[in-house]
Amino acid sequence: MLLKTILFDAGDILYNKPNRKSSVIKFLTERGYAAPVENDPIEKAKRRDAHAGKIETEHFFEWLMEHYGVTNLTDAADGIKLLKEQQSDVHFFEGVPETLHELKRLGFKLGIVTNTFNSRHEKNIWFESVGIDGIWDSYADSFELQITKPDPGIYLAALSQLNVSPENAAFVGHAQIEIDGAKAIGLTTIIFNPDPNCTKADYRIENFKDLLEITPITKSKI
């Protein structure tokens with residue numbers, strides 16, 4: 001096996017939005033509403049629909065306020081404004097820019113495979129802030145493709161842009177269902193910043209820079 005390409009989830013792998021949850025809870029409770037249900041399956045399902053382009057982002061935010069029980073029109077408008085602001089409150093993990101640039105220097109092709117309703121333009125602005133806007137060789141966006149991970153089509157869409165086979169590529173993710181989807185089509189799988197139930201993959205790294213040290217990458221240096 002010779003790795004030529006590394007595909008990355010974007011959110012919770014390259015960056016996170018650490019204030020989003022607490023900001024929403026604070027907003028709701030200060031306005032007299034209940035805090036959102038933890039790991040609410042209804043909200044997760046609707047968010048997947050938004051990621052797949054089945055509903056517009058604005059309509060998803062409107063639905064979210066209704067789902068949270070926000071009935072006052074002013075509160076709803078303020079809540080939607082907060083949700084939009086939190087979308088761009090992005091914090092990159094330590095070592096991300098340096099590691100990605102080193103992988104490029106070593107000859108690897110790099111791609112994004114993301115479930116998102118943020119446009120590619122938006123994400124590129126975030127990437128530009130840390131100098132990684134120009135390093136991507138492929139980009140597979142659930143909203144554009146109208147499919148979400150773990151559908152094999154979204155991983156293959158990223159690979160097809162590079163004419164690379166799954167056995168010559170790796171996927172770095174944090175969600176078990178997405179890791180399993182990548183593994184099912186033959187990608188080498190790497191866990192970083194895992195969700196609580198994400199425990200099974202070919203490799204696991206604790207720090208982003210540790211990507212440079214895992215065996216298939218060190219053996220595939222060009």
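Just the heavy atoms: all of them, side chains too, but no hydrogens, waters or symmetry mates, feed the values below. Bear in mind that the values here come from a model prediction, so they are computed numbers and not experimental data.
- Considering L73, T71, D75, V70 in turn, V70 is the only one that fulfils the side-chain contact (heavy atoms from CB on, under 4.5 Å) rule with M65.
- Although no hydrogens or angles enter the test, the distance criterion places no donor-acceptor pair under 3.5 Å between the side chain of T99 and the main chain of V96.
- In this structure, N118 and D141 approach most closely via the heavy-atom pair O-OD2, 3.9 Å.
- In this structure, I217 and I6 have side chains that are in contact, with non-hydrogen atoms separated by less than 4.5 Å.
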For this session: Take H174 and D195 through the test side chain to side chain donor-acceptor pair (under 3.5 Å) and record every step on the way to the result.
Result: CA-CA 6 Å; H174 65 91; D195 295 349; 2.9 Å; yes

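- Without hydrogens or angle criteria, S119 side chain to E122 main chain gives a donor-acceptor distance under 3.5 Å.
- Looking only at distances, no side-chain donor or acceptor of E43 sits under 3.5 Å from a matching main-chain atom of N39.
- A donor-acceptor pair under 3.5 Å links the side-chain atoms of S142 to the main chain of T116, judged by distance alone.
- In this structure, Y68 has no ring pair (Phe, Tyr, Trp, His ring centres under 6.0 Å) partners at least two apart in sequence or on a different chain.
- Between R105 and E102 there is a salt bridge, since a side-chain N of the basic residue sits under 4.0 Å from a carboxylate O of the acidic one.
- Taking 4.5 Å as the limit, every side-chain heavy atom of L83 sits out of range of all side-chain heavy atoms of F27.
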Problem set entry | side chain to side chain donor-acceptor pair (under 3.5 Å) evaluation trace for Q86 with K17 | CA-CA 7 Å; Q86 284 302 311; K17 300 176 182 179; over 6 Å; no

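- Counting all heavy atoms, side chain and backbone alike, R204 lies closest to P194 at NH2-CG, 3.3 Å.
- At a threshold of 4.0 Å, the pair K183-D202 counts as salt-bridged, since one of the basic side-chain nitrogens sits closer than that to a carboxylate oxygen.
- A 4.5 Å side-chain heavy-atom check between T5 and S138 finds every atom pair outside the cut-off.
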For this session: Please report the C-alpha distance between F208 and F93 in whole Å, then the side-chain angles of each, then the deciding distance to 0.1 Å, and finally whether the ring pair (Phe, Tyr, Trp, His ring centres under 6.0 Å) criterion is met.
Result: CA-CA 7 Å; F208 196 84; F93 290 106; 7.9 Å; no

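- Between the CG atom in L100 and the CG atom in L14 there is a gap of 6.0 Å [rounded to 0.5 Å].
- Within the structure, every pair that satisfies the ring pair (Phe, Tyr, Trp, His ring centres under 6.0 Å) test and touches residues 146-171, not counting sequence neighbours, is listed here: Y155-F171.
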Exercise. Please walk me through it: do K200 and D180 pass salt bridge (Lys or Arg N to Asp or Glu O under 4.0 Å)?
Worked result: CA-CA 8 Å; K200 297 179 181 178; D180 292 345; over 6 Å; no

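- In this structure, R31 pairs ionically with D78, as a charged nitrogen and a carboxylate oxygen lie closer than 4.0 Å.
- Annotation: N163, atom CG; neighbour count of heavy atoms from other residues, nucleotides and ligands within 6.0 Å does not exceed 12.
- A ring-centre distance under 6.0 Å is not found for H91 and Y15.
- Within the 3.5 Å criterion, the main-chain N or O of K149 finds a donor-acceptor partner in the side chain of N115.
- A donor-acceptor pair under 3.5 Å links the side-chain atoms of N168 to the main chain of L2, judged by distance alone.
- Of the residues listed (I112, I190, V172, L159), the one engaging L7 in a side-chain contact (heavy atoms from CB on, under 4.5 Å) is L159, and it is the only one.
- The six-membered or imidazole ring of W126 lies away from that of F92, with a centre-to-centre distance of 6.0 Å or more.
- Residues Y203 and F192 keep their aromatic ring centres 6.0 Å or farther apart.
- Among residues at least two apart or in separate chains, salt bridge (charged side-chain N to carboxylate O under 4.0 Å, His left out) pairs with a member in residues 79-99 are E58-K84.
- Ionic pairing of K123 and D133 is not present here: no N-O contact between side-chain nitrogen and carboxylate oxygen is shorter than 4.0 angstrom.
- Using bins of under 30°, 30° to 60° and over 60° for the plane-to-plane angle, the ring pair H51/F117 lands in the tilted bin.
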